[in-house]
Amino acid sequence: MHAERKLSPEFYIREDTAKIARELLGKLLVVPDEGGHRVSGMIVETEAYLGIGDRAAHSYGGRRTGRNEIMYGAGGQVYVFFVYGMYYQFNAVAGPAEHPHAILIRAVEPVEGIEMIRERRGKMADHNLTSGPGKLCIALGINRSFNGESLFGERSWIENFRDISKAQIAVGKRIGIDYAGEDAQKPWRFWVRGNPFVSKPRLEISQQT
DNA sequence: CATTTGATAACG
DNA sequence: GTTATCAAATGT
């Protein structure tokens with residue numbers, strides 16, 4: 001395998017999780033299928049979850065359970081969990097060990113293996129194939145068994161692909177976390193402005209300075 | 001806007 | 001061990 005384009009551990013093991021989330025835009029999420037063929041999508045939407053002090057994070061207040069244990073590991077691992085009784089969410093663990101931050105990949109734009117993606121998603125308009133965290137897991141064949149996998153292995157990884165200019169990046173509030181109180185207002189959702197694969201058009205928070 | 005079911009937390 | 005509450009969403 002040629003792994004040169006894979007992001008290095010240093011990319012994930014940094015303190016500024018929001019920055020990592022922003023930099024993941026334009027990168028390629030690759031999950032080979034059973035036959036070893038590349039199925040991939042460009043990341044167009046992410047959300048940062050900043051650990052202990054973030055009411056919306058599973059690790060808020062230092063909560064540590066069998067489910068979120070992975071978040072306490074070093075950055076560069078896959079954290080997959082099940083929600084709403086039917087959907088998976090794909091996250092990349094960020095930061096050093098005992099620093100339970102993670103970045104939720106909310107949407108990708110199909111790049112390779114589109115036929116496979118269409119097959120998995122059924123008859124679906126193209127812009128609906130991967131425009132949401134649950135959808136992209138189905139499309140890329142991600143399931144519970146990916147939890148705890150390394151992003152430097154052969155099951156799934158993220159590699160360099162496009163550069164997204166700062167002007168193309170939109171910032172806003174995270175989605176589906178109304179219970180998080182003030183933290184629900186934090187500008188920790190990032191997406192590529194105008195990209196049709198972003199899960200939902202939402203209000204942008206004008207970036208300070 | 002109703003739906004869905006596994007994971008958690010709070011019990012006993 | 002049992003029970004109650006809730007969840008990083010989706011499809012209609």
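Keep in mind it's a predicted model, so treat the numbers as computed, not measured. So you know, we letter chains A, B, ... as the sequences are listed, proteins then strands, and number each from 1.
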- Message: Reading DNA chain B from 5' onward, which residue's closest nucleotide shows up sooner: A:T65 or A:G85?
- Response: A:G85

- Message: How many whole angstroms separate atom CG of A:N143 from atom P of B:dG6?
- Response: 15 Å

- Has the side chain of A:T46 got a donor or acceptor atom that lies under 3.5 Å from a matching backbone atom of A:A21? yes

- Message: Without decimals, in angstroms, what is the distance between A:M124 CE and C:dA9 C1'?
- Response: 14 Å

- Query: Please, which pairs that meet side-chain hydrogen bond (donor to acceptor under 3.5 Å, both in side chains) have at least one residue in residues 9-19 of chain A, sequence neighbours excluded?
  - Reply: A:S8-A:E10, A:R14-A:E23, A:E15-A:H99, A:T17-A:H101

- Note on the structure: DNA chain B nearest-nucleotide lookup for A:M86 and A:R144: closer to the 5′ end is A:M86

- Query: To the nearest angstrom, how far is A:I175 atom CD1 from C:dA7 atom C1'?
  - Reply: 15 Å

- Task: Can you sort out the partners of A:E112 under side chain to side chain contact (heavy atoms under 4.5 Å, CB included), two or more places apart, ordered by chain and number?
- Result: A:L28, A:R38, A:S40

- Query: How is A:R64 classified with respect to the nucleic acid when contacts are heavy atoms under 4.0 Å: base, sugar-phosphate, or nothing?
  - Reply: nothing

- Query: Rounded to whole angstrom units, what separation is found between the CG atom of A:N128 and the P atom of C:dA9?
  - Reply: 16 Å

- Item | Between P of C:dC6 and CD1 of A:I177, the distance in whole Å | 17 Å

- Message: Please check this pair: side chain of A:D183 against backbone of A:R55, looking for a donor-acceptor N/O pair closer than 3.5 Å.
- Response: yes

- Query: Looking at residues 87-104 of chain A, who's got a heavy atom less than 4.0 Å off DNA chain B?
  - Reply: none

- Item | Between C1' of C:dA7 and CZ of A:R106, the distance in whole Å | 14 Å

- Could A:R189 and A:W191 be counted as a cation-pi pair, given that NZ or CZ must be under 6.0 Å from the ring centre and within 45° of the axis? yes

- Message: Only pairs with both distances under 3.5 Å count, Watson-Crick or wobble alike; so what is the partner of C:dT2 in this structure?
- Response: B:dA10

- Only one of A:F146, A:Y88, A:Y87 forms a ring pair (Phe, Tyr, Trp, His ring centres under 6.0 Å) with A:F82, so which one is it? A:Y88

- Do A:Y79 and A:F81 have ring centroids that are under 6.0 Å from one another? yes

- Atom CZ of A:F82 and atom P of B:dG6: how far apart are they, to the nearest Å? 7 Å

- Message: Does A:R55 reach a base, just sugar-phosphate, or nothing at all? Heavy atoms under 4.0 Å.
- Response: nothing

- Round to the nearest Å and state the distance from A:Y84 atom OH to C:dA7 atom C1'. 5 Å

